[in-house]
Each structure stands twice: as C-alpha cells, then as structure tokens.
2 protein chains.
Amino acid sequence: MRKVSPSTVGRLSIYLRVLSELDGLGAETVSSEELASRCGTTAAQVRKDLSFFGTFGKRGRGYAVEELISALRSILGLERRYRVALIGAGRIGVALLGYRDFQEQGFHIEAVFDADPKKVGQRWGGMTVRPDAELEQALAEEGIDIVIVAVPAEVAQSVVDRVVAAGVRAILNFAPTKLQVPAGVALKNVNMALELEGLSFALARESRPRTRRTA
Amino acid sequence: MRKVSPSTVGRLSIYLRVLSELDGLGAETVSSEELASRCGTTAAQVRKDLSFFGTFGKRGRGYAVEELISALRSILGLERRYRVALIGAGRIGVALLGYRDFQEQGFHIEAVFDADPKKVGQRWGGMTVRPDAELEQALAEEGIDIVIVAVPAEVAQSVVDRVVAAGVRAILNFAPTKLQVPAGVALKNVNMALELEGLSFALARESRPRTRRTA
DNA sequence: ATATGTGAACATTTTCACAGCT
DNA sequence: AGCTGTGAAAATGTTCACATAT
C-alpha cells in the first residue's frame with residue numbers, strides 16, 4: 001500500500017459521496033459495478049482504487065455500504081476536525097464563509113483575514129475580519145491546519161510564502177495563478193477560469209469537427 | 001494533431017496566463033525552459049504540449065510571446081464571446097455574478113435563473129433573476145453557449161438534463177455531485193469539497209509518516 | 001551556440017481477465 | 001453462481017536525448 005495517485009484520491013471522495021446517498025436510500029450493500037456506474041467509472045477501477053488501502057468487500061456479495069463509508073472517511077482523514085483560515089474577504093471569500101457544508105464536513109473556518117482596512121472589522125457569518133498583519137500570529141494561536149487563499153492573483157504567492165513560513169502544510173488556492181510551494185506542503189487549486197477555458201476548447205473543437213483536413 | 005488530453009489543455013491555459021504576465025513585463029521572447037519553470041512543469045512538457053497543435057517556436061531563439069499568446073487563444077477558442085447562463089442565485093451564484101474577470105475573458109453572463117420565488121425578480125450586478133420556468137425558452141432565445149450550474153446537489157442532475165435537452169453543449173458544475181451527461185456535451189466540475197478532502201488526505205498521510213509498519 | 005520539435009524510452013494509470021472466496 | 005482482489009496487458013502520459021533549424 002504505497003504511492004496513491006491524486007486521481008485515486010479524488011475518486012475516493014466521489015465514492016464516499018455516492019455511498020452516502022445510497023446509505024440514505026437504505027442500501028445495505030453495493031457492488032463495484034453499481035458504485036462505478038453511479039460514479040462514472042468502471043468496476044475494475046473501483047476495486048483497484050480500494051485495493052490500495054485494504055480489502056473491504058465480500059466476494060460474491062459486494063461492499064457493505066456503512067462499513068465502506070467508515071473506511072473511506074478514515075482513509076481520507078475525515079474523522080477529525082480541521083481548523084481552517086480564510087485569507088481574503090472578497091466575493092469568493094465571503095461566499096465560502098456562508099457555505100455551511102464545510103462546517104458539517106469537519107472543516108471549520110476559525111479566522112478570516114483581509115489586507116484592506118475597509119474590510120477589517122466587518123462581520124461575516126459570525127466572524128470578524130482581521131487585519132493581514134495578524135496573520136502569522138493568529139495562524140499559530142488558532143492552530144490552523146488549512147488555509148484558503150482567496151486573494152487577487154498578484155498577491156497570492158506572497159501570501160502563500162508567509163503561510164508556509166508560518167508552518168501551514170495544506171493550502172486551497174482560489175487565485176487564478178500557479179503557486180509554488182515547497183515539498184511537504186499540499187496545494188490544491190480551484191480555478192474557474194481554467195475550467196471555462198476547458199469548455200471553450202471543447203466547444204471550439206466540435207465546431208470544426210470531423211477528423212483532419214485543414215489545408 | 002489528434003487526441004489531446006485534458007491535462008494538456010489545462011496546461012495550455014496556464015501557459016497563456018503566464019505568457020500574459022510576461023507580455024505585461026515587456027518580454028518579447030521566451031524559451032520552453034523559462035515558461036516551464038514559471039508554470040511548474042518541464043521544458044519537454046511545454047514543447048510536447050504545443051507540438052500537438054503546430055510549430056510555434058524558432059529554433060535557437062524560443063517563442064515569440066505575443067505570437068504564442070494569439071496562437072493559444074485561438075487553440076482554446078478564446079477569440080470569440082461566449083454567452084453564459086447561471087442557474088442558481090445562491091451564495092456561489094451571486095459571487096460569480098460579481099466576478100468581473102469572466103466578462104473580460106469573453107464569458108458573458110446573459111441570464112440568471114432560480115427556482116425560489118423569493119429570489120426571482122431580485123437584481124444582481126445589473127441582472128434580474130428569472131424564474132426556473134423560463135429556463136428552456138430563455139436558453140434558446142439568448143443563444144446560450146455555456147451553463148453554470150450552481151444549485152443544490154439534489155436538483156443538479158435534473159437541471160442538467162433540462163439544459164442538455166435544450167441543446168446546451170457545455171456545462172460548468174459547482175454542485176458537489178457527479179453529473180451524467182451524454183457524449184458530445186462537455187462537463188467540467190468545480191468542487192471545493194473534493195479538494196478539501198484531498199488536503200485532508202495529504203495531512204492524514206504525513207501525520208502517520210515514514211514508510212510502512214502499521215501492525 | 002542555442003533552443004526547438006520529436007521519436008523512442010520510461011512511468012504511470014486504466015482495463016482485462018480470471019483465480020479464489022462466500 | 002456471483003463478485004471481489006489482483007497480476008498481466010494495454011493505453012496513456014511524461015521525460016529523455018538528439019538531430020535539426022536559426
């Protein structure tokens with residue numbers, strides 16, 4: 001059980017979501033085939049993904065839904081609570097603050113920061129926006145595990161450098177820029193512009209369809 | 001020039017962003033080496049990615065920044081304007097509406113819908129929220145190219161089915177659920193919960209570190 | 001001299017196919 | 001009989017290394 005690809009981890013999250021639905025519907029058991037079709041993948045892929053972490057199924061019977069849910073939550077590290085700080089109280093930041101789902105999933109936003117003096121002191125969803133200058137100290141005091149970066153692209157790298165220097169090992173970046181982090185720091189990006197461009201590419205593709213012949 | 005992987009397309013978007021920065025800084029030319037290092041990839045990867053679409057560089061000299069920008073914009077289909085509809089005027093939806101960057105990039109939000117009668121008629125960033133019932137008709141009338149789905153997970157699939165039936169071929173999904181679309185419809189997901197779980201996994205990993213020995 | 005474009009080597013990921021439990 | 005777990009095969013994606021152009 002070594003070397004797990006990010007795609008595998010992403011799929012585990014999807015399996016978990018679908019399993020929760022199935023559990024809600026009262027399903028006790030599920031086959032890799034069934035799970036795969038609901039997750040848009042293949043049965044072999046499901047089994048292979050799970051096999052990296054152990055053996056969870058019963059041959060001839062499938063997977064026990066509740067058991068597999070626990071197993072996945074444990075694998076994904078979702079059994080604990082994470083302390084999250086949000087940097088940037090702009091549009092996206094504020095939208096995230098209102099997003100109750102995070103709390104329920106165990107990701108609790110404990111502090112919000114902004115560099116703009118006009119934003120500092122404002123209250124959002126029970127939190128007061130704190131000044132950028134308090135960042136390093138607050139990260140340590142609050143024992144922050146994960147930082148969400150929701151600042152303009154131009155300043156994102158400098159914010160990340162500070163956060164990393166302060167000892168944070170996990171960052172979720174919403175700024176539309178490629179960030180550099182040292183090894184040992186986990187970085188994930190949420191980039192709507194990039195996804196829109198992917199759609200644009202797909203649309204452009206299909207309007208000049210068929211195979212070949214340009215000249 | 002056939003079969004282009006999604007990762008290649010994603011990287012093209014990143015190259016474009018970095019090239020725009022370089023252009024802003026007055027750079028006339030850039031080597032694959034330089035571009036790669038700024039994009040967090042390798043020179044060979046850059047050259048290979050570009051080579052799927054043609055030959056853009058000058059040997060011994062590198063790539064002309066402005067030329068490559070145009071080429072990438074053309075490849076990604078960014079030279080035209082896209083008409084976008086937003087479905088769901090909740091927190092995320094409203095945050096997106098205020099996001100001026102999309103407009104500048106050529107993605108214009110032309111209509112906003114919500115199923116909640118309390119939201120219908122509200123104005124956001126110069127747009128009036130329209131009732132869900134008008135969806136199909138409006139998509140056709142406005143000639144919508146891309147739909148952004150920002151509704152609760154439970155109703156996302158039914159919204160997508162309607163949108164696809166209405167002829168839309170590109171969807172950006174913010175609902176935390178795996179959507180099914182027929183072949184020929186491009187679907188991209190922006191899923192913060194999934195990314196947070198990826199971070200959770202990474203953190204869980206490194207707290208039980210080293211290689212092996214659990215029992 | 002320098003840096004591209006690319007076939008061939010390598011690595012990783014996905015799929016196949018089947019032995020082995022239940 | 002049914003469905004998992006898993007090596008082996010196939011497909012896909014990345015890196016190397018070098019001939020080639022300026």
Side-chain angles (χ1 to χ4, degrees), chain A residues 1-15 18-19 22 27-72 75 178 194 198 201 205 214, chain B residues 1-15 18-19 22 27-72 75 178 183 198 201:
Chain A
M1 180 266 228
R2 214 80 312 223
K3 270 286 131 95
V4 183
S5 78
S7 351
T8 291
V9 178
R11 283 190 302 264
L12 294 184
S13 287
I14 295 172
Y15 301 158
V18 167
L19 284 164
L22 285 168
E28 309 248 302
T29 203
V30 67
S31 67
S32 55
E33 186 62 49
E34 166 81 2
L35 184 54
S37 92
R38 292 183 183 254
C39 294
T41 182
T42 66
Q45 183 79 79
V46 167
R47 297 200 298 272
K48 187 65 101 184
D49 284 340
L50 294 175
S51 78
F52 283 114
F53 301 96
T55 135
F56 306 102
K58 307 246 180 301
R59 297 182 187 221
R61 222 160 291 281
Y63 301 86
V65 173
E66 290 192 351
E67 248 176 56
L68 190 51
I69 288 173
S70 309
L72 288 176
I75 292 164
K178 186 81 190 180
L194 206 118
F201 178 78
R205 273 278 144 141
T214 319
Chain B
M1 180 266 227
R2 213 82 309 232
K3 270 287 132 93
V4 182
S5 79
S7 353
T8 291
V9 178
R11 283 190 300 266
L12 294 184
S13 286
I14 295 171
Y15 301 158
V18 168
L19 284 164
L22 286 169
E28 308 250 299
T29 202
V30 67
S31 67
S32 55
E33 188 62 50
E34 166 81 2
L35 185 53
S37 93
R38 293 184 182 252
C39 293
T41 183
T42 65
Q45 184 79 79
V46 167
R47 297 200 298 272
K48 187 65 104 185
D49 285 340
L50 294 175
S51 78
F52 283 114
F53 301 96
T55 136
F56 305 102
K58 306 245 178 303
R59 297 185 187 220
R61 220 161 292 281
Y63 300 87
V65 173
E66 291 193 349
E67 248 177 56
L68 190 50
I69 288 174
S70 308
L72 288 176
I75 291 164
K178 187 80 189 181
F201 177 79

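Worth saying up front: this structure is predicted, and the values here are computed from it rather than measured. To find a chain, count down the sequence lines: A is the first, B the second, and so on, and within it residues start at 1. Only heavy atoms go into these numbers, but all of them, side chains included; no hydrogens, no water, no symmetry mates.
Between the C1' atom of dT14(C) and the NZ atom of Lys3(B) lies a distance of 14 Å, rounded to the nearest Å. Spacing between atom OH of Tyr63(A) and atom P of dC21(C) amounts to 16 Å, rounded to whole angstrom units. Taking atom CZ on Arg59(A) and atom P on dC18(C), their separation rounds to 16 Å, with Å as the unit. Atom CG in Asp49(A) sits about 10 Å away from atom P in dT15(C), given to the nearest Å. Going from atom CZ of Arg47(A) over to atom P of dC18(C) covers 14 Å, rounded to whole Å. Rounded to whole angstrom, the span from the CG atom of Leu50(B) across to the P atom of dA3(C) amounts to 16 Å. If you measure from atom CD of Glu33(B) to atom P of dT4(C), you get 8 Å, rounded to the nearest angstrom.
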message: Determine whether Leu72(B) and Leu50(B) satisfy the following criterion, side chain to side chain contact (heavy atoms under 4.5 Å, CB included), listing intermediate values before the conclusion.
response: CA-CA 9 Å; Leu72(B) 288 176; Leu50(B) 294 175; 4.0 Å; yes

- request: Give the intermediate values and the outcome of side chain to side chain contact (heavy atoms under 4.5 Å, CB included) for residues Tyr15(A) and Thr41(A).
  value: CA-CA 10 Å; Tyr15(A) 301 158; Thr41(A) 182; 4.0 Å; yes

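If you walk DNA chain D from 5' to 3' and mark each nucleotide with an atom closer than 4.0 Å to a heavy atom of chain A, the marks span dG2(D) to dA8(D).
Counting all heavy atoms, side chain and backbone alike, Cys39(A) lies closest to Val18(A) at SG-CG2, 3.6 Å. Counting all heavy atoms, side chain and backbone alike, Ile14(B) lies closest to Lys178(A) at CD1-CD, 4.2 Å. Nearest heavy atoms, Val30(A) versus Leu22(A): CG2-CD1, 3.8 Å.
More than 12 heavy-atom neighbours from other residues, nucleotides or ligands sit within 6.0 angstrom of CD on Glu34(A).
For Lys48(B), the listed nucleotide lying nearest its side chain is dT6(C); candidates were dC21(C), dT13(C), dT6(C). Each of dT15(C), dT4(C), dG5(C) was ranked by its minimum atom distance to the side chain of Thr55(B); first place goes to dG5(C).
At the heavy-atom level, Arg61(B) lies under 4.0 Å from the strands shown only through sugar-phosphate atoms. Note on Thr8(B): nothing from the nucleic acid sits closer than 4.0 angstrom, heavy atoms only.
Between Ser5(A) and the phosphate of dT12(C), there is no side-chain N or O to OP1/OP2 separation shorter than 4.0 Å.
Where Gly60(A) and Arg11(A) each meet DNA chain C at their nearest nucleotide, the meeting point lying more 5' is that of Arg11(A).
By the side chain to side chain donor-acceptor pair (under 3.5 Å) test, Tyr63(B) is found to be paired with no residue, residues two or more places apart in sequence or in another chain being considered.
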